[in-house]
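The structure appears below as structure tokens.
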Amino acid sequence: MIGRLNHVAIAVPDLEAAAATYRDVLGADVKPPQAEPDHGVTVVFIELPNTKIELLTPLGDASPIRAFLDKNPSGGIHHVCYEVDDIIAARDRLKATGARVLGSGEPKIGAHGKPVLFLHPKDFNGTLVELEQA
Ligand SMILES: CC[C@H](C(=O)O)C(=O)SCCNC(=O)CCNC(=O)[C@H](O)C(C)(C)COP(=O)(O)OP(=O)(O)OC[C@H]1O[C@@H](n2cnc3c(N)ncnc32)[C@H](O)[C@@H]1OP(=O)(O)O
Ligand SMILES: [Co+2]
């Protein structure tokens, strides 16, 4: 069911500083910041030859990553995103196994303009999993 690794997300307290590290220290291809108010984050994507890194920082008072950064003030790996061919079929199959789909259970449009869903970290070895429609 899951396909390509679309991105690995890192929550950061200072998006500009983190982007500069990837650009200037690691020599990476760093894209401009994207505000995603519907998701409560601002993101910066870093293009790698085989996948992407998504730097993210809270946007607004109700950001879902605020508590994560409170627990990890220096930042840390926040989630992994796998591509799926059919996100509704994947969701229904996962729900049937008892996996918890976060939020309303309905996909939202993510940073790439594709539908995304999130699965509870406690059901996947302590790792927050995002699914993105390929
Ligand atoms: C623009 C979209 C973009 C894209 O790629 O397209 C994005 O990726 S948007 C990314 C931001 N949005 C989300 O993360 C939505 C899904 N996340 C959530 O709903 C919450 O973050 C949630 C429910 C995973 C955690 O929320 P919160 O930390 O406030 O809740 P709890 O404190 O109750 O946490 C429960 C339990 O889970 C542990 N936890 C929390 N976050 C993570 C994480 N990222 N990875 C692993 N574990 C996590 C937390 O420590 C608690 O564990 P416990 O042992 O009970 O303390
Ligand atoms: Co993501």
Side-chain angles (χ1 to χ4, degrees):
M1 179 169 67
I2 58 172
R4 287 169 14 104
L5 174 67
N6 183 276
H7 60 270
V8 175
I10 301 171
V12 297
D14 182 336
L15 189 62
E16 199 173 315
T21 298
Y22 272 81
R23 184 184 57 243
D24 306 334
V25 178
L26 294 173
D29 176 9
V30 177
K31 302 304 181 188
Q34 281 173 241
E36 295 288 346
D38 196 30
H39 291 269
V41 293
T42 301
V43 301
V44 162
F45 275 97
I46 293 149
E47 297 283 342
L48 301 178
N50 62 334
T51 189
K52 292 182 272 296
I53 300 298
E54 178 186 57
L55 303 176
L56 63 162
T57 204
L59 175 62
D61 296 333
S63 175
I65 72 167
R66 179 78 61 191
F68 180 90
L69 277 172
D70 290 344
K71 287 179 188 164
N72 306 278
S74 302
I77 292 178
H78 183 261
H79 63 270
V80 293
C81 179
Y82 304 116
E83 292 178 4
V84 291
D85 290 334
D86 179 335
I87 199 163
I88 298 302
R91 176 202 62 191
D92 294 346
R93 183 170 154 187
L94 285 157
K95 285 173 76 171
T97 69
R100 288 167 282 183
V101 178
L102 296 171
S104 69
E106 291 307 312
K108 286 163 70 172
I109 298 302
H112 300 128
K114 305 277 186 67
V116 299
L117 281 172
F118 289 87
L119 308 176
H120 202 288
K122 293 299 183 191
D123 298 333
F124 295 94
N125 309 108
T127 302
L128 179 60
V129 171
E130 177 182 10
L131 301 180
E132 179 175 312
Q133 173 96 15

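As the structure lists them, so they are numbered: ligands from 1, and atoms in each ligand from 1.
Residue Cys81 places no heavy atom under 4.0 Å from ligand 1. Proximity of Lys108 to ligand 1 is not established, as no heavy-atom distance is less than 4.0 Å.
The nearest protein atom to atom 49 (C) of ligand 1, hydrogens excluded, is given as Lys71 NZ, 3.5 Å; this is a heavy-atom distance. Protein heavy atom at the shortest distance from atom 22 (C) of ligand 1 is Leu102 CD1, 4.5 Å.
There is no protein heavy atom less than 4.0 angstrom from atom 25 (C) of ligand 1. Closer than 4.0 Å to atom 33 (O) of ligand 1 lies none of the heavy atoms of the protein.
With Glu130, Lys114, His78, His39 as candidates, the residue nearest to atom 44 (N) of ligand 1 on a non-hydrogen basis is His78. The closest heavy-atom contact to atom 47 (N) of ligand 1, among the options Pro121, Ala111, Gly113, Pro37, comes from Pro121.
In this structure, Asn125 places its CG atom where only 12 or fewer heavy-atom neighbours from other residues, nucleotides or ligands lie under 6.0 Å away.
With 2.8 Å as the limit, Cys81 does not count as an N, O or S neighbour of the Co ion (ligand 2). Residue His79: an N/O/S atom is found under 2.8 Å from the Co ion (ligand 2). Residue Glu132 does not count as close to the Co ion (ligand 2), with no N, O or S atom under 2.8 Å.
Under 4.0 angstrom from ligand 1, the non-hydrogen atoms of Ala67 all belong to its side chain.
A side-chain donor from one of His7 and Glu130 sits under 3.5 Å from a side-chain acceptor of the other.
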